[in-house]
Amino acid sequence: MDSSQAFAAIALAAVSWDGTLTQAGSRSLRHALDYRQPFASYPPERMVALMDELLKALREQGPQRLMVMASEALNPQQRRTAYAMAAEIMRSDGPYQDDELNILNNLAEVLMVEARLSHEIQSTMNLLHGDLSC
């Protein structure tokens, strides 16, 4: 698995960790990859092939194992970025649930993201996705 496949794998695992794919999660996944290089330069058929390959791995390995496998292909900066992206994807469909926080804490350990930084990222995502109706 190369770093771009690994990054996309973490995004996919983050959006589908509970076996469901919400509309907000799907949009968030697409946004996380569409504007970012190298994905922004991929032709549509290459993105489809990448997602097909990763969906197969997700079904065979499960989201936790896919995240572990992907983390091994990322350098420290890519790991921090992947964690922030996963945190945003998980926050995109509403406040963090306890299970999501557990997954994010586990992901931070797998990606070797410091606890202080992971909490800052989660707080930032809470601000970014805050409810404006209050």
Side-chain angles (χ1 to χ4, degrees):
M1 183 177 292
D2 67 22
S3 61
S4 60
Q5 290 169 316
F7 196 84
I10 289 177
L12 180 61
V15 78
S16 59
W17 68 269
D18 62 354
T20 62
L21 189 59
T22 66
Q23 186 176 18
S26 297
R27 281 192 309 264
S28 186
L29 171 66
R30 184 169 179 142
H31 175 73
L33 299 179
D34 277 354
Y35 74 92
R36 188 182 315 269
Q37 288 300 333
F39 310 105
S41 62
Y42 285 5
E45 44 291 332
R46 184 166 180 192
M47 277 304 292
V48 169
L50 174 62
M51 285 297 123
D52 284 347
E53 177 183 332
L54 293 175
L55 283 167
K56 181 180 182 220
L58 180 68
R59 283 190 297 273
E60 292 173 356
Q61 305 292 328
Q64 291 286 19
R65 179 72 186 129
L66 186 59
M67 286 180 180
V68 169
M69 290 171 34
S71 72
E72 297 168 357
L74 301 174
N75 68 39
Q77 179 59 41
Q78 291 168 329
R79 288 175 178 186
R80 290 186 292 272
T81 300
Y83 180 84
M85 175 199 55
E88 182 172 21
I89 287 171
M90 287 186 173
R91 182 60 176 84
S92 67
D93 63 353
Y96 291 125
Q97 303 299 309
D98 289 340
D99 287 343
E100 289 172 321
L101 292 172
N102 288 335
I103 297 279
L104 285 172
N105 290 336
N106 183 51
L107 182 59
E109 288 180 30
V110 166
L111 294 174
M112 295 179 271
V113 174
E114 298 171 3
R116 177 195 54 78
L117 179 58
S118 68
H119 293 300
E120 287 178 14
I121 290 169
Q122 289 175 24
S123 294
T124 300
M125 294 309 143
N126 283 330
L127 287 171
L128 182 64
H129 293 278
D131 188 358
L132 300 178
S133 63
C134 298

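- Taking both residues in full, the closest heavy atoms of M47 and L33 are given as CE-CD1, 4.1 Å, listed atom of the first, atom of the second, then distance.
- By the 4.5 Å heavy-atom criterion applied to side chains, Q64 and I103 are counted as neighbours.
- In this structure, CG on N102 lies 12.5 Å from CG on L107, to the nearest 0.5 angstrom.
- If you take CE on M1 and CG on L74, they are separated by 9.0 Å, rounding to the nearest 0.5 Å.
- Taking the side chain to side chain contact (heavy atoms under 4.5 Å, CB included) definition, one finds that S71 meets it with V110, L111, sequence neighbours left out.
- Criterion: ILVMFWY side-chain heavy atoms under 4.5 Å apart, direct or through other members. Under it, L12 and M69 are part of a common hydrophobic cluster.
- Expressed to the nearest 0.5 Å, how far CG of L104 lies from CE of M125 amounts to 10.0 Å.
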Q: Please test Q122 against N105 for side chain to side chain contact (heavy atoms under 4.5 Å, CB included), starting from the C-alpha separation and ending with a verdict.
A: CA-CA 10 Å; Q122 289 175 24; N105 290 336; 3.9 Å; yes

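- Between P63 and S16 the shortest heavy-atom distance is CG-O, 4.4 Å.
- Minimum heavy-atom separation, A73 to S3: O-CB, 3.7 Å.
- Shown here are the side chain to side chain contact (heavy atoms under 4.5 Å, CB included) partners of E100, two or more places apart in sequence or in another chain: W17, M90, D93, Y96, Q97.
- Side-chain contact between N106 and M67: absent, with no pair of heavy atoms (C-beta onward) separated by less than 4.5 Å.
- Looking at every heavy atom in both residues, S28 comes nearest to E88 through OG-O, 4.1 Å.
- Taken from CD1 in I121 to CG in L128, the straight-line distance is 12.5 Å, to the nearest 0.5 Å.
- In this structure, A115 and S118 approach most closely via the heavy-atom pair O-OG, 2.9 Å.
- Side-chain contact check for L50 versus F39: some heavy-atom pair is nearer than 4.5 Å.
- To the nearest 0.5 Å, atom OG1 of residue T124 and atom NE2 of residue H129 are 10.5 Å apart.
- No donor-acceptor pair under 3.5 Å is formed between the side chain of R116 and the backbone N or O of H119.
- For the atom pair CD1 of I89 and CD1 of I10, the computed distance is 10.0 Å after rounding to the nearest 0.5 Å.
- Following chains of ILVMFWY side-chain contacts shorter than 4.5 Å, one can reach L117 starting from F7, so the two form part of one hydrophobic cluster.
- Atom CD of Q37 has more than 12 neighbouring heavy atoms from other residues, nucleotides or ligands inside a 6.0 Å radius.
- Screening residues 50-59 for side chain to side chain donor-acceptor pair (under 3.5 Å), with sequence neighbours left out, gives Q5-E53.
- Cluster membership check: L55 shares its hydrophobic cluster with V15, using side-chain heavy-atom separations under 4.5 Å among Ile, Leu, Val, Met, Phe, Trp and Tyr.
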